[in-house]
Every structure is written in C-alpha cells, then in structure tokens.
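Below is one structure; the comments refer to it alone.
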Amino acid sequence: MRMLIILLALTAAGAHANVRLYLFDCGTLSLTDVSPFGLTNEETAVRELFVSCYLVENRHDGQVRRLLFDAGLPAAIVGRGDVSPEPGMTLRYEISLLDQLAALDLTPADIDYVAFSHLHFDHVGSANLFTASTLLIQREEFQAGFVEPNTVIYQPELYLDLADAPRQLLEDDHDVFGDGSVELIRAPGHTPGHQVLLVRLTDPGPVVLSGDLYHFRASRAMRRVPLFNTNEDDTRTAMDKVEALLRSESATLWIGHDQALAATLRKAPAYYE
Ligand SMILES: [Zn+2]
C-alpha cells in the first residue's frame with residue numbers, strides 16, 4: 001500500500017513537470033472610480049490594474065506546444081506614455097507582447113493555441129497577430145464577438161483578423177494539451193463565454209488564472225459583480241464553480257488585474273514550472 005501511494009505520488013508529479021508558465025506585463029489600466037465594478041470607492045483603495053498576458057509551454061516527448069492566454073492592452077498605445085481613451089481611465093503599455101515574445105526567441109508562428117479569458121479590449125490587444133494559432137473559444141463568446149459582434153462591450157477591430165483563423169468552439173471545460181496539465185475552465189457571466197485557466201504547476205502548485213472573474217481582491221472577498229457583466233446569476237455560478245475548483249485542486253488564484261500580486265510574481269523571461 002505504501003509503495004502504491006509513493007508510485008501514485010511520483011506519477012502525479014511527473015505528469016505535471018512538463019509545464020512552464022510565463023507572465024508578461026501587458027500594461028496598466030488606471031481608474032478614478034471603481035463603482036462600475038460593484039464596489040464603493042471606500043471598499044478598495046486600488047485604482048491601478050495590472051494587465052496580464054501568459055504563455056504556457058507544454059513539453060512532451062521532445063515536442064513543445066504553446067498556449068497564449070490573453071493578449072493585453074491594444075498594441076497601438078505601446079510607448080505612448082499615459083493614454084486616456086475616456087474620462088476617468090488611463091492606460092499605459094511599455095513593451096509590446098510581440099517584443100516580449102521575441103525576447104524569448106518566439107514569434108506568433110510558435111504559438112500553437114491562443115485563448116482569451118474573454119474579448120474585452122484589455123485582453124485582446126495583440127490578438128490579430130495570432131492568425132496561425134488555433135483559437136480556443138467558448139461558443140457563446142464566439143457568437144457575441146465574431147458572428148454578431150457586440151460593439152457595446154467589444155472592440156472587434158482588435159481581434160477580427162482571427163475570424164478565419166483555425167478555431168475550436170468549446171461548450172465546456174477543455175483539456176488544452178490532452179494530458180491534464182492545462183485546462184480552460186468555462187466561467188461565463190462577465191461576458192457570454194468567459195473562461196479561466198487552470199495550470200497544474202509543480203511549484204507553487206496548481207494555479208488558476210482568473211481572467212475577469214474578479215478584478216480586485218475585494219471583489220472576491222465580498223462576492224461583488226461588476227454592473228457591466230452580461231449576466232449576474234451566471235457570474236455567481238461561475239464564482240462558486242471556480243472557488244470549488246480551487247478547493248478541490250488546492251490551487252492558488254492569481255487575479256490577473258491584481259497589481260500588488262503581479263509585483264510579487266516572476267515575469268518573463270523567468271517562469272514557473
Ligand atoms: Zn480586464
């Protein structure tokens with residue numbers, strides 16, 4: 001029995017040792033008023049949101065396959081200092097995702113799969129580069145973003161080059177590399193087909209990349225739903241699902257927009273595995 005437990009433990013560790021996670025700084029989004037997020041301006045002091053992009057590498061039998069998860073602020077603002085697209089919002093983006101990939105000796109052609117937590121402008125800013133990658137997208141997000149583009153919540157020009165890219169429409173959770181190491185988790189509500197990403201790392205252990213399930217730590221602590229989400233009930237169901245997943249996987253949640261968290265995390269070219 002003892003031997004069996006050791007063998008099982010070795011198998012579990014070995015199965016996940018082939019994944020690397022890179023975090024890129026894809027900009028900063030500053031707000032003067034957080035009330036649209038369902039929080040009062042007294043309930044959180046946070047006004048600066050980090051914008052995360054992630055690269056996941058899966059190594060198996062000498063083959064490397066890569067997933068890009070989220071594509072940051074619009075690439076057009078890189079190097080322009082503070083840009084204010086609307087009153088109360090300031091954007092800043094220093095080094096493009098393309099250049100950050102190049103620093104790893106990668107080009108968009110090296111990215112096998114691309115997935116976005118959702119199609120809001122601060123998550124698809126370099127999406128149009130990845131026309132050769134297979135787009136992994138929930139069916140409802142594809143419908144709302146591509147088939148009948150909703151220009152109230154999306155800026156389709158940022159991603160519409162992917163309309164004819166290879167794609168896989170998802171209707172549930174999805175095992176990206178087929179080995180259980182990385183899973184897209186369907187978590188709709190913020191947008192019609194929002195999803196989060198589970199990455200089974202060895203150290204620090206499994207992590208869940210939140211997308212915009214939560215924007216602030218206070219949103220999670222107080223279960224607050226942004227007023228601009230497409231469906232509040234679905235959002236709460238998604239929160240319950242992801243919280244249950246975090247417990248069952250003993251996983252850590254990384255809130256993508258959490259500047260204070262990002263300040264403590266390794267950025268590319270450093271990585272987690
Ligand atoms: Zn966002």
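Both counts, for ligands and for their atoms, begin at 1 and track the order of listing.
For the pair OD2 of D122 and OD2 of D212, the angle whose vertex sits at the Zn ion (ligand 1) is 160° to 10 degrees. For H257 atom NE2 and H123 atom NE2, the angle they make at the Zn ion (ligand 1) is roughly 100°, to 10 degrees.
Between Y113 and F177, the angle of the ring planes goes over 60°, which puts this pair in the perpendicular group of the 30/60° scheme.
A donor-acceptor pair under 3.5 Å is formed between the side chain of Y272 and the backbone N or O of R266. Remark: side-chain polar atoms of T230 are paired, donor with acceptor, to backbone N or O of G189 under 3.5 angstrom.
Among the atoms of H215, none of the N, O or S atoms falls under 2.8 Å from the Zn ion (ligand 1). None of the N, O or S atoms belonging to H118 lies under 2.8 Å away from the Zn ion (ligand 1).
Between K241 and E243, no side-chain nitrogen of the basic residue sits less than 4.0 Å from a carboxylate oxygen of the acidic one, so the salt-bridge criterion is not met.
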